[in-house]
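From a predicted model like this one, the values you see are computed outputs, not experimental measurements.
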There are 2 protein chains.
Amino acid sequence: MMSELVPNTGDGAVPRAFAVLELLALSNEPLRLSAIALRLGMQKSTVHRVLATLVLLGYVEQEEESSCYRASLRLWELGTGLVAQHPVKRAAAGFLQQLHQATHETVSLTVLSGDDVLYLDKIVSPRPIRFTSRVGSRVPAPLTAGGKAMLAYEPGARAIARRTRQRIQDKRRIEIESLMSELDQVREAGFATSSFRPGVESFGAPIMAQDGRAAAAISVSAPTSRLSASKREAIVEQLLATCADLAERVGAL
Amino acid sequence: MMSELVPNTGDGAVPRAFAVLELLALSNEPLRLSAIALRLGMQKSTVHRVLATLVLLGYVEQEEESSCYRASLRLWELGTGLVAQHPVKRAAAGFLQQLHQATHETVSLTVLSGDDVLYLDKIVSPRPIRFTSRVGSRVPAPLTAGGKAMLAYEPGARAIARRTRQRIQDKRRIEIESLMSELDQVREAGFATSSFRPGVESFGAPIMAQDGRAAAAISVSAPTSRLSASKREAIVEQLLATCADLAERVGAL
DNA sequence: AACCTTGTTCCGCCAAGCGGAACACTCAAG
DNA sequence: CTTGAGTGTTCCGCTTGGCGGAACAAGGTT
């Protein structure tokens with residue numbers, strides 16, 4: 001009947017434990033036991049047991065004075081190890097650096113994750129853009145330049161667009177048909193653009209894999225005020241060259 | 001009876017699930033179901049069930065062709081959110097940048113985690129040092145400059161030194177009594193030095209909290225070949241100034 | 001002092017998790 | 001082609017670990 005307060009993934013010990021851990025990780029302040037039990041619709045004693053296990057495993061710490069619980073850095077430690085050995089990120093690091101040197105603008109590496117774009121890496125411009133997405137954060141793919149660059153080669157692009165439209169607040173941002181035709185143009189031109197953040201313009205291109213889909217995308221973002229027609233042209237040219245080189249490298253490994 | 005092959009944290013569904021997840025996260029290649037069962041001393045059917053749960057929760061992905069399992073980027077995603085809101089790291093970011101500008105050398109931010117130092121942040125020198133520790137990695141605290149800077153104000157320093165001596169391979173690296181007297185000197189001078197990596201010299205100073213212990217440490221590392229007496233002096237001076245300023249800022253929040 | 005909270009502990013009930021065994025399948029050697 | 005040793009997956013009976021209600025202790029606030 002879907003009568004849960006929270007979109008719970010199911011019952012059982014493991015899903016519960018992860019629900020608690022995620023809640024703690026996403027919350028920016030330490031949480032009380034009761035607050036966790038309330039927000040997850042679980043029994044206090046259950047939450048207590050789960051927390052005891054997580055503390056034992058080192059994923060959660062309990063502040064001794066306030067008896068609040070917060071996630072430890074264990075998750076982060078495991079996570080950084082994961083992304084450090086990510087093949088695309090490893091291969092891309094030097095190319096991103098080089099592209100940043102050439103353009104002097106903010107350069108990002110993203111992959112598709114569900115309906116979102118996940119920021120794997122980023123080199124910020126010396127004069128950084130405000131409201132930039134943090135590395136490790138996710139943004140609906142159809143909004144971003146890198147996301148559109150990847151969606152152009154994704155079979156399920158239309159479904160992603162529909163789901164995203166349901167999800168976001170300002171529905172005018174995504175009109176399905178215009179987006180789909182934009183993706184056609186992206187396939188032709190080889191790059192996508194986006195200005196979904198006010199005052200910031202982005203250019204994104206896919207890193208193509210052998211199977212015809214995009215393994216990742218690189219995007220260059222700059223404030224509109226700093227962009228001229230010739231600068232835009234130069235950015236796109238350097239971006240496409242970088243992605244082509246990188247695709248060759250990725251294909252080789 | 002402690003008859004486990006692996007230092008297992010205990011039985012039950014949740015510890016098992018985390019054992020599997022950690023194994024996958026730490027392994028740099030995708031693992032087969034049998035390999036996991038073997039290495040953790042678990043039944044195949046148990047591993048299968050656990051993996052199914054982890055896949056459902058989005059922490060593990062299964063390659064469709066080889067049916068291997070690997071950790072997804074979910075852990076990393078949660079982890080980056082965690083460290084991004086870490087108060088010390090947030091406060092330190094600007095100071096690290098500034099210290100890097102002043103010294104043009106590699107600057108690191110570390111915290112104490114167990115008996116280790118955990119690298120929270122790092123700004124690498126334009127001519128980067130080889131064999132540098134990755135952000136998110138851990139190194140035995142008594143080996144590093146930042147670690148010694150923090151241990152100098154840690155009550156359990158001696159115990160940490162003993163445990164670390166047991167743990168490492170080259171026991172000559174740590175002589176308990178000489179380390180303890182070195183920590184005394186660190187308290188007097190306000191900074192520590194280390195050259196546990198061949199050819200690299202590091203200077204570390206603590207960021208003091210109100211309780212008289214070190215909340216974190218900043219260290220500056222440079223190849224010995226690039227260091228003169230005056231350069232060393234300048235680095236230490238700038239390092240100490242930075243840590244003092246930062247401690248004030250951290251104390252305020 | 002009479003309430004609310006909070007976190008923690010206890011305990012009976014029961015299902016979720018466990019692991020052995022059987023299954024389907026692939027690949028390599030015979 | 002057949003055999004065999006792997007693999008991953010499924011089934012199922014048993015029992016243990018997890019569940020949640022209730023009682024408990026400790027502060028904090030009215």
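Phosphate proximity of D/dT9 to B/His48: present, with a side-chain N or O under 4.0 Å from OP1 or OP2. Taking only side-chain nitrogens and oxygens, B/Gln43 never comes nearer than 4.0 Å to OP1 or OP2 of C/dC18. Considering only side-chain N and O atoms, B/Gln62 lies under 4.0 angstrom from the phosphate OP1 or OP2 of D/dT9. Phosphate proximity of D/dC19 to A/Arg16: present, with a side-chain N or O under 4.0 Å from OP1 or OP2. B/Arg32 has no side-chain polar atom (N or O) that falls below the 4.0 Å cut-off from OP1 or OP2 of D/dT9. A close approach under 4.0 Å does not occur between any side-chain nitrogen or oxygen of A/Tyr69 and OP1 or OP2 of C/dT6.
Rounded to a whole Å, the CG atom of B/Leu51 is 14 Å from the P atom of C/dG17. The distance between atom CZ of A/Arg49 and atom P of C/dC11, rounded to the nearest whole Å, is 15 Å. Per the geometry, CG belonging to B/Leu38 stands 11 Å off P belonging to D/dG8, to the nearest Å. Here C/dG19 presents its C1' atom at 11 Å from CE of B/Met42, a figure rounded to the nearest Å. Atom P of nucleotide C/dT8 and atom CD1 of A/Ile36 are separated by 11 Å, given to the nearest angstrom. Separating the CG atom of B/Leu54 from the P atom of C/dG17 is a distance of 12 Å, rounded to the nearest angstrom.
Within the 3.5 Å criterion, the main-chain N or O of B/Pro140 finds no donor-acceptor partner in the side chain of B/Thr144. Side chain of A/Arg16 to backbone of A/Val50: no donor-acceptor contact under 3.5 angstrom is found.
Among the nucleotides C/dG19, C/dT6, C/dT9, the one closest to the side chain of A/Ser34 is C/dT6.
Comparing A/Ala35 and A/Ala13 along DNA chain C, the residue whose closest nucleotide (by nearest heavy atom) sits nearer the 5' end is A/Ala35. Both A/Ser45 and B/Lys44 lie near DNA chain D, and the one whose nearest nucleotide falls closer to the 5' end is B/Lys44. Along DNA chain C, the nucleotide nearest to A/Val14 and the one nearest to A/Leu31 differ in position, and the one closer to the 5' end is contacted by A/Leu31.
Under a cutoff of 6.0 Å and an axis angle of 45°, A/Arg213 and A/Tyr153 do not form a cation-pi pair.
Within a 6.0 Å sphere centred on CD of A/Glu188, heavy atoms belonging to other residues, nucleotides or ligands number 12 at most.
Between B/Phe18 and A/Phe18, the distance from one ring center to the other falls under 6.0 angstrom.
Among the heavy atoms of the strands lying under 4.0 Å from A/Thr46 is at least one base atom, whether or not backbone atoms are also near.
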